[in-house]
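So that the names make sense, note that chain A is the first sequence line, chain B the second, and so on, each numbered from 1.
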Protein chains: 2
Amino acid sequence: MKTMKISEAVVRRLPVYLRFLNELSKKNVQTVSSQDLGQKLDLNPAQIRKDLAYFGEFGKKGIGYDVDYLIEKIRQILKLDKIIPVALVGAGNLGRALCNYNAYLKDNMKIVAVFDSHESKIGDTINNLKVKSTNEMKATIQELKVRIGIITVPAAEAQQVANQFVEAGVEAILNFAPMIIKVPSEMRVHHADFTTELQSLAYYLD
Amino acid sequence: MKTMKISEAVVRRLPVYLRFLNELSKKNVQTVSSQDLGQKLDLNPAQIRKDLAYFGEFGKKGIGYDVDYLIEKIRQILKLDKIIPVALVGAGNLGRALCNYNAYLKDNMKIVAVFDSHESKIGDTINNLKVKSTNEMKATIQELKVRIGIITVPAAEAQQVANQFVEAGVEAILNFAPMIIKVPSEMRVHHADFTTELQSLAYYLD
DNA sequence: TAGATTGTTAATCGATTAACAATC
DNA sequence: TAGATTGTTAATCGATTAACAATC
């Protein structure tokens, strides 16, 4: 059912499947069952089958899933079969760290531009990318057809950067600043907040 | 009901409440309603009231919640009313970035030790902390009573580091490596995986 | 008192899991 | 054929939201 609304929980599991399938493929494993996957990923096999079944019939009864075929399908679902240009604002430590992840992002996601508003950072080179002034954001983002923006500036500046991303026509934002940002409702924002993560972990201490 | 099991979703929202309440407190706001909170945090007010009600009666009917009192209560719930020593393994770019967040982690969480297994990194100073050899993990972690471990090593080394954390007696792990790690079931692991986050965001592009 | 807002119950909604016919 | 495993329906479980009496 292509028109069915897919829950966020399902979408969040797809990249996890993809990563593990890539490992299997590297080891030349041909086939994998939902049983196997569930065991390795700590998930219920029925859930995995159901997740995949939202998008098509990718498996073979009695056999399981062909690893390379499933990789291809999940990459299509996640739109990783086309190149997705990404821009990052905030060339501090975290921003630099993420730029250096570019190698990991082989699956067609690529950070193609880095911006900062501070004179001291502008002109620096990070991973072959020159840090540009935030004044150039709109022009550069449109020129490079950037579709996803990453925010790694301090909390106080996050909303302003988000506004600039919106104005430049970015379609989705990944926000690392510890701050809720407001964007038009049709845009997607994911929060990746280290401090929140760590604090919720503290709850589970005895 | 102190003995009721609290869902993970609830626990994850508490730090978000805390952060916003801290902002209100800084602005000398005395009182806040679930209505206000819901609007600012994009959550249903009933959900906020229910979340808080799991832990006690913190509000006043007709008035709302006293900001500073609620901050105090949430900090207690999250165990942030005592100092929680944290250790980090992997002094690469990401590890360095997180160490520099120490300032943000005012709420009693503190990175007190940094380790790396590579000669080239050992002895470096990050944010006043000397990077130690992973050989010293167990001794140092026990000496400093570290309770939470952060993993910022490459995926291939993540499981090994997790094992060392377990052996040293750490109680919970925050794993930034793009890799599922296995630990004894009584231990808590949270994943903070940048690549997964970014890939699931791609799904929502048109 | 009138208005506001909590804490909580009941209703709704959605996600996970179990079970099994279909079939490789 | 016998064994394995999918895709899918039905059952279960859990989380969110609405509604409202209690009360500040």
Side-chain angles (χ1 to χ4, degrees), chain A residues 1-17 20-21 24 29-74 77 200 203-204, chain B residues 1-17 20-21 24 29-74 77 200 203-204:
Chain A
M1 306 284 142
K2 275 286 171 191
T3 52
M4 188 177 220
K5 233 162 283 142
I6 305 294
S7 88
E8 197 172 317
V10 173
V11 175
R12 289 184 163 281
R13 283 191 291 268
L14 294 178
V16 178
Y17 301 156
F20 185 67
L21 289 165
L24 290 181
V29 176
Q30 307 265 318
T31 284
V32 69
S33 68
S34 58
Q35 187 79 219
D36 296 342
L37 283 170
Q39 193 144 50
K40 296 295 187 173
L41 301 177
D42 275 331
L43 295 170
N44 184 300
Q47 182 171 64
I48 294 173
R49 293 200 299 279
K50 199 158 202 288
D51 284 353
L52 297 174
Y54 284 120
F55 303 98
E57 304 196 1
F58 303 143
K60 282 201 178 51
K61 290 174 185 168
I63 308 288
Y65 299 90
D66 182 277
V67 171
D68 289 327
Y69 180 69
L70 191 53
I71 286 173
E72 191 190 321
K73 285 300 173 186
I74 295 179
I77 295 163
S200 68
Y203 174 81
Y204 297 98
Chain B
M1 303 284 144
K2 276 286 171 192
T3 51
M4 187 177 223
K5 234 163 282 142
I6 305 295
S7 89
E8 196 171 320
V10 174
V11 174
R12 288 184 165 282
R13 283 191 293 268
L14 294 177
V16 178
Y17 301 156
F20 185 67
L21 290 164
L24 290 181
V29 177
Q30 306 266 317
T31 284
V32 69
S33 69
S34 59
Q35 189 79 221
D36 297 340
L37 283 170
Q39 193 143 48
K40 296 295 188 174
L41 302 177
D42 275 330
L43 295 170
N44 183 301
Q47 183 172 63
I48 295 173
R49 293 200 298 279
K50 201 162 200 289
D51 284 354
L52 297 173
Y54 284 120
F55 303 98
E57 305 196 0
F58 303 143
K60 282 200 178 52
K61 289 173 184 166
I63 309 288
Y65 299 91
D66 180 277
V67 171
D68 288 326
Y69 180 69
L70 191 53
I71 287 174
E72 190 191 320
K73 285 301 173 184
I74 295 180
I77 295 163
S200 68
Y203 174 81
Y204 296 99

Trainee: Under a 3.5 Å cutoff on both atom distances, Watson-Crick or G-U, what's the dot-bracket for DNA chain C ([ ] crossing, | other strand)?
Mentor: ..||||||||||||||||||||||
Trainee: Quick one: is dC24(D) close enough that its OP1 or OP2 comes under 4.0 Å of any side-chain N or O from Y65(B)?
Mentor: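 Answer is no, no contact under 4.0 Å.
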Trainee: Look up atom CD in E72(B) and atom CG in D66(B), then write down how far apart they are to the nearest 0.5 Å.
Mentor: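 Between E72(B) CD and D66(B) CG, I get 9.5 Å after rounding to 0.5 Å.
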Trainee: Check whether any side-chain heavy atom of I77(A) sits under 4.5 Å from a side-chain heavy atom of Y54(A), and report yes or no.
Mentor: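 A side-chain contact under 4.5 Å is absent here.
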Trainee: Does a nitrogen or oxygen in the side chain of R13(A) sit under 4.0 Å from OP1 or OP2 of dA15(C)?
Mentor: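 Answer no for this pair, as no side-chain N or O of R13(A) is under 4.0 Å from OP1 or OP2.
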Trainee: To the nearest Å, how far apart are D51(A) CG and dG14(C) C1'?
Mentor: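 After rounding, the reported distance stands at 14 Å.
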Trainee: Quick one: on DNA chain C, does A46(B) or K50(A) contact a more 5' nucleotide (nearest heavy atom)?
Mentor: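 Going by which nucleotide is closer to the 5' end, it is A46(B).
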Trainee: May I ask you to verify if any side-chain N or O of R49(B) is less than 4.0 angstrom from the OP1 or OP2 atom of dT6(C)?
Mentor: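 So the side chain of R49(B) is within the cut-off, an N or O lying under 4.0 Å from OP1 or OP2 of dT6(C).
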Trainee: Does E57(B) reach a base, just sugar-phosphate, or nothing at all? Heavy atoms under 4.0 Å.
Mentor: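 It contacts sugar-phosphate atoms only.
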Trainee: Find the distance L37(B):CG to dT6(C):C1' and express it as a whole number of Å.
Mentor: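 That distance rounds to 13 Å.
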Trainee: Specify the separation, in whole Å, of atom NZ of K61(B) and atom C1' of dT5(C).
Mentor: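 Result: 9 Å.
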Trainee: Taking atom C1' of dT5(C) as reference, at what distance in whole Å does atom CG of D66(B) sit?
Mentor: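 Rounding to the nearest Å, CG of D66(B) and C1' of dT5(C) are 15 Å apart.
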Trainee: In whole angstroms, how far is the C1' atom of dA19(D) from the CD atom of Q47(B)?
Mentor: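 Atom CD in Q47(B) sits about 16 Å away from atom C1' in dA19(D).
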Trainee: Rounded to the nearest angstrom, tell me the gap between atom OH in Y54(B) and atom P in dG14(D).
Mentor: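 Atom-to-atom, Y54(B) to dG14(D), this comes out as 12 Å.
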Trainee: Provide, to the nearest angstrom, the distance between the CD atom belonging to Q35(A) and the C1' atom belonging to dG7(D).
Mentor: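 Going from CD in Q35(A) over to C1' in dG7(D) covers 16 Å.
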Trainee: Does a nitrogen or oxygen in the side chain of S34(A) sit under 4.0 Å from OP1 or OP2 of dT6(D)?
Mentor: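 Indeed, a polar side-chain atom of S34(A) lies that close.
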Trainee: Within this structure, what is the CZ-NZ distance for the pair F55(B) and K73(B), rounded to the nearest 0.5 Å?
Mentor: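 It is 12.5 Å, given to the nearest 0.5 Å.
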Trainee: Quick check: on DNA chain C, is the nucleotide nearest E8(A) upstream (toward 5') of the one nearest F58(B), or the reverse? Name the residue that is more 5'.
Mentor: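 Between the two, 5'-proximity favours F58(B).
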Trainee: For residues Y17(B) and L41(B), determine if any side-chain heavy atom of one lies less than 4.5 Å from a side-chain heavy atom of the other.
Mentor: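 The answer is yes; the side chains approach within 4.5 Å.
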Trainee: I'd like to know whether CD of E8(B) has more than 12 heavy-atom contacts from other residues, nucleotides or ligands below 6.0 angstrom.
Mentor: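 Atom CD in E8(B) is crowded, with more than 12 foreign heavy atoms closer than 6.0 Å.
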Trainee: If you measure from CG on D51(A) to CZ on R12(A), what distance do you get to the nearest 0.5 Å?
Mentor: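 Answer for the CG-CZ pair, D51(A) versus R12(A), is 13.5 Å.
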Trainee: Ignoring backbone atoms, establish whether S7(B) has a side-chain N or O less than 4.0 Å from OP1 or OP2 of dG14(D).
Mentor: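 False: S7(B) side-chain N/O out of range (4.0 Å or more) of dG14(D) OP1/OP2.
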Trainee: Kindly indicate whether the side chain of F58(A), heavy atoms from C-beta on, has any atom under 4.5 Å from the side chain of I74(A).
Mentor: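 In short, these two side chains do not touch, never coming nearer than 4.5 Å.
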